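Treat the numbers as computed from the prediction; the structure is a model and nothing was measured. We count residues from 1, following the sequence as given. As the structure lists them, so they are numbered: ligands from 1, and atoms in each ligand from 1.
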Amino acid sequence: MKEIMEQGAYTVLTKLQDHGFEAYLVGGCVRDKQLLRAVKDYDIATSAKPQQVLDLFERTIPTGLQHGTVTVVIGAHMYEVTTFRKESEYEQFRRPTEVQFIDSLYEDLQRRDFTMNAMALDQQGKLIDPFGGLADIEHGLLRCVGNASERFTEDALRMLRCIRFSAEYGLEVEAETWRALCEHSRLLKHIAMERVRMELERMIAGADPVKALGLLAASGILRETKQALKLAWLDQKHMPAAIHLLSAPAARWTYLYVSIGLNAAEIEADMRVLTFSTEQIKRIYRVAAVTYSLRDEMLLITDEFKQGLMHEKKLELLWKLGALAYGKEACLTLHAILTVDPQWMESQGIDAVTSSVLLKRGVEWLDTLVVDSLKQLQVGGKELLAHMDKPPGPWVTEVLKHLLQETALGRLPNESDLLIVEAVRFVNQHNL
Ligand code: ATP
Ligand code: MG
């Protein structure tokens, strides 16, 4: 029995055919079915023009009429129905905004990037595969439709899609396709950084990021982006080998960037160039920062001290202070990285004793923090100002930080009266 999403797709095909149009399943869904993978969404190609599709179905959304795409809603599912089209002119190595509607499925499939993405299924479930996509899949190959050089020259983004698909589906890039990719990697500079980032994000979050990173490094394509990227320093020597074992994308990105050897400020700058959101940048910056701050502290400690009992106490304090400065989440992410790659810290200059203690006790130490953010403190800036006869200034933050530290470490109860008393004492002691 077909599942409901698939049934809906066939409902769309049937209706279009009943009205005299050709209609097929195309693209990713056909590929994923052949690979016995879960289908994310069903795309449909048809000889009907967008207006005819709009007229035929009850619930539609005019998603991209100039590209020929209408979204048809059947039950709880949406289907992109796109008129057969070709992309006649490519501008500046990018796909054009204008397309030309045509009558032939063959030509529609011909404009697609890879043979495995250029297959169609008709309503009877017959595979239409003019470019040998199925044979390529069976041979474990990813190959451009037609002339690879031309396909990458038409649209340079296809080179990154090529690397992403190769890693995601465990396919080898066919020799001529790979040669063309390496030859034309320079064209990547025509692609907006946002689109580059979206592809990279999918590679890093995907099934085999090590393979994707290996292909990126081998092709040198990251050296060719519109704006210079430090990520391009990536080489075989600095591969983050255990990256696929991490589940959170933020952990994967930090592990990658730190493995390459970038400092926190460089990581932040690189992510900005890649148009990551401020939220994403902050998250990764904090993990890198807490890693490096621990490393810097460890460099100040002698080897003899590290063998002694006091080392664990000192480390606990530094770890907790790290969590207060950069957030508990940053420490947990660092801990997750250590779990999948216990030797990693050593390559960052943190000794084996320290990293094994962190691995063993890090999470439990975080759990003993009484509070871990200013929001949880029973006093805020306003109360401090109300109780102290002082104009606002940087001292407020300093005092709050001190109070947070003392309560978090269990040295001061989180009660407003006691916090105010300590605040007054701290201000006087430090002449703030
Ligand atoms: P996924 O959604 O997993 O990335 P997909 O194959 O569905 O895979 P989409 O980007 O959704 O990829 O595109 C749908 C189809 O459109 C592709 O299968 C391919 O046939 C075609 N296509 C998409 N982008 C390009 C491109 N840059 N050049 C040529 N054809 C493309
Ligand atoms: Mg898709």
- prompt: How about Tyr106 and Phe131: are their ring centres within less than 6.0 Å of each other?
  reply: yes
message: Quick one about Asp136 and His139 (side-chain donor to acceptor, distance below 3.5 Å, no hydrogens or angles considered), yes or no?
response: no
Per-atom contacts of ligand 1 with Lys40, taking only distances under 4.0 Å to non-hydrogen atoms: 1 (P), 2 (O), 3 (O)
statement: the protein heavy atom lying closest to atom 13 (O) of ligand 1 turns out to be Arg161 NH2, 4.0 Å
message: Could you check whether atom 11 (O) of ligand 1 has a protein contact, counting only heavy atoms that fall below 4.0 angstrom?
response: no
- request: Give, for atom OG1 of Thr354 and atom CD of Glu312, the distance between the pair rounded to the nearest 0.5 Å.
  value: 10.5 Å
- request: Decide yes or no for Val81 and Thr60: does some side-chain heavy atom of the first lie under 4.5 Å from some side-chain heavy atom of the second?
  value: no
query: What residue and heavy atom of the protein are closest to atom 8 (O) of ligand 1, and at what distance?
result: Arg31 NH2, 3.2 Å
message: On a heavy-atom basis, I'd like to know which of Arg111, Glu80, Arg112 is closest to atom 15 (C) of ligand 1.
response: Arg112
message: Which residue and atom name correspond to the protein heavy atom nearest atom 7 (O) of ligand 1, and how close is it?
response: Gly28 CA, 3.6 Å
task: Find out whether Thr368 and Lys320 are in side-chain contact, i.e. whether some heavy atom of one side chain is under 4.5 Å from a heavy atom of the other.
output: yes
field: Lys/Arg cation over aromatic Phe114: Arg161, 6.0 Å, 45° cone
entry: no
task: Check Asp155 against ligand 1 and report side chain, backbone, both or neither, counting heavy atoms closer than 4.0 Å.
output: side chain
- request: Compare all side-chain heavy atoms of Leu160 with those of Ile191 and state whether any distance is below 4.5 angstrom.
  value: no
- line: Per-atom filter on ligand 1: closer than 4.0 angstrom to a heavy atom of Gly27 are 18 (O)
task: Decide if atom CD1 of Ile4 counts as having more than 12 heavy atoms of other residues, nucleotides or ligands within a radius under 6.0 Å.
output: no
message: Tell me whether Glu154 reaches ligand 1 (any heavy atom closer than 4.0 angstrom to a ligand atom).
response: no
- request: Answer yes or no: does an N/O atom from Asp43 fall short of 3.5 Å to an N/O atom of ligand 1?
  value: no
- prompt: Who's the nearest protein heavy-atom neighbour of atom 30 (N) of ligand 1, and how far?
  reply: Asp113 N, 3.2 Å
Protein heavy-atom partner closest to atom 28 (N) of ligand 1 - residue, atom, separation in Å: Arg158 NE, 2.7 Å
message: Quick check on contacts: which atoms of ligand 1 are under 4.0 angstrom from a heavy atom of Arg164?
response: 4 (O)
query: Looking at side-chain heavy atoms only, is the closest gap between Ser149 and His184 below 4.5 Å?
result: yes
- prompt: Between Arg202 and ligand 1, which residue portion shows a heavy-atom distance shorter than 4.0 Å: side chain, backbone, both, or neither?
  reply: side chain
